[in-house]
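Take a look at the structure below.
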Amino acid sequence: MQTERRPESRFDFDLTTPEPIPEAAISRATELMRSGRLFRYREVGSGDVDDVGLLEREFALATGRRYAVAVNSCGAAMFLALRCAGVQPGDAVLANSFTLAPVPGAIHHAGGVPVLVETTESLTADLDDLREKAARSGARWLLLSHMRGHVSDLDAVRDVCGEAGVTLIEDCAHTLGAGWGGRPTGGFGQAGCFSLQTFKHVNSGEGGVVVTDDEALAARAILYSGSYMHYGQHQARPDERVFEELRATTPNYSMRMSAWAAAVARPQLELLPARIKAMNNLYRTLESLLLRIPQIRVPERATREEFVGSSIQFNIPGFSVAQMESFVNYCSGRGLHINWFGRPRMEGFTSRPDQWGFIDEPQELPRTAVILRTLCDLRLPPAMEERHCRVAADLIEAAIQSILSE
Ligand SMILES: *Cc1c(COP(=O)(O)O)cnc(C)c1O
């Protein structure tokens, strides 16, 4: 029996809505502005609170690592991690191909040559392809991006890296608060990199953090970031003797975090568990609604993955590019703006490997191309409500029906 379709409604929520900055952060940021002391380093004896140092301590604690270095973006954090892990101009660096442009950008910035690895239907790194491309390219580094919060099997990734002599660096821009088998992301590689950009889990507009247990990597990252001779003020750093050996030979790249950014970010760390709960609730709600639509595939998630559902992805595997175009247009005409990775032209934040024209070397990614062609993406900000999930799912279903009946 044909059921009556509900009348279509418009999607009236802005998916780019960030959480407001908490009052404690506003008042500390205001205090800093009144004092004018926005630079992270203090002259000896000024005796003020070191917001950036405290943030570094908190990140080290949260990820179970000995050292943390705050910088001005996750892109800078990834660049520094690669550089400090030994990448030299011309070196091959592996990365999973479902990622954001700053990831191949960081490899390029470090002078590396990206070797992109295929994507599974779960939107994680294809480990067979990783093994094969590691062997073929001789690459000695993997920048693994937990893109849109999808965490690859980190036990298996570490096995593959161990066998191939590959150093793992994690891009955790979307996995602050997430983990694998009880251990936080950022705790698996030689270094982990986090973002404090507005659309990540903690927002100071811009900001990045490198975490590591490697004392030379941490000291070099601090010196490169632009510590001058104030590295002693860092609060999650190696012994001063490590700096003695490196300070004369490490250039200053000026990638520091300002005190203001740390002051805005720190009070949000306490709010993270509640934000994660709200986002995961939205994720599970929308996921179950989308799974009822037969044309839609939602990536499977491993039971060992403790993910943060700050966004949701889905495919419409049977659709052509033209049908996908009609689909996203139908939805956006009704207020639901879907990011679509298959768009022939780059738009917004969304791009894919064949659009990164700065990579000269040919990449073999036929399976990734098929997945990205119909891949859609929606943010799930904590301020969204369950009723918005229902409207979104109804619109998506109506769009698919309308296109199939053409
Ligand atoms: C946002 C993002 C980055 C870059 O972070 P910035 O702080 O903007 O440099 C890197 N990787 C992924 C997966 C991201 O989502």
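For ligands, and for the atoms within them, numbers begin at 1 and follow the listed sequence. This structure is a prediction, so every number in the text was calculated from the model and none was measured.
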Below 4.0 angstrom, N of the basic side chain to O of the carboxylate: do Arg28 and Asp51 qualify?
-> yes
Sub-3.5 Å N/O-N/O distance, Gln197 and ligand 1 | no
Under 3.5 Å between some N or O of ligand 1 and some N or O of Cys74?
-> yes
Heavy atom of Ser145 under 4.0 Å from ligand 1?
-> yes
Is the shortest N/O to N/O distance between Pro102 and ligand 1 below 3.5 Å?
-> no
Is the shortest distance from a Lys or Arg side-chain nitrogen in Asp126 or Arg367 to a carboxylate oxygen in the other one below 4.0 Å?
-> yes
Ligand 1 and Ser195, any nitrogen or oxygen pair closer than 3.5 angstrom?
-> yes
Using a strict cut-off of 4.0 Å, indicate which atoms of ligand 1 neighbour a heavy atom of Leu100.
-> 1 (C), 2 (C), 12 (C), 14 (C), 15 (O)
pair Lys200-Leu176: side-chain heavy atoms closer than 4.5 Å | no
Check: Leu282 and His388 side chains under 4.5 Å, non-hydrogen atoms = no
Note: Arg34-Glu31 ion pair, threshold 4.0 Å (strictly below) | no
Find all atoms of ligand 1 within a distance of less than 4.0 Å from any non-hydrogen atom belonging to Ser73, and give their numbers and elements.
-> 7 (O), 9 (O)
Looking at Phe79, does the NZ or CZ of Arg83 lie under 6.0 angstrom from its six-membered ring centre and within 45 degrees of the ring axis?
-> no
Note the single closest protein heavy atom to atom 13 (C) of ligand 1, along with its residue, its atom name and the distance in Å.
-> Asp171 OD2, 3.3 Å
Identity and distance of the protein heavy atom lying nearest atom 2 (C) of ligand 1 | Lys200 NZ, 2.4 Å
If you have a sec, work out which protein heavy atom is nearest atom 9 (O) of ligand 1 and how many Å separate them, to one decimal?
-> Gly75 N, 2.8 Å
Element-labelled atoms of ligand 1 that are located less than 4.0 Å from some non-hydrogen atom of Ala173 | 2 (C), 3 (C), 10 (C), 11 (N), 12 (C), 14 (C), 15 (O)
Proximal atoms of ligand 1 relative to His174 (non-hydrogen, under 4.0 Å) | 15 (O)
Axial cation check for Phe199 ring with Arg379, 6.0 Å and 45° limits = yes
Report yes if some heavy atom in the side chain of Ile316 is under 4.5 Å from a heavy atom in the side chain of Phe327; otherwise report no.
-> yes
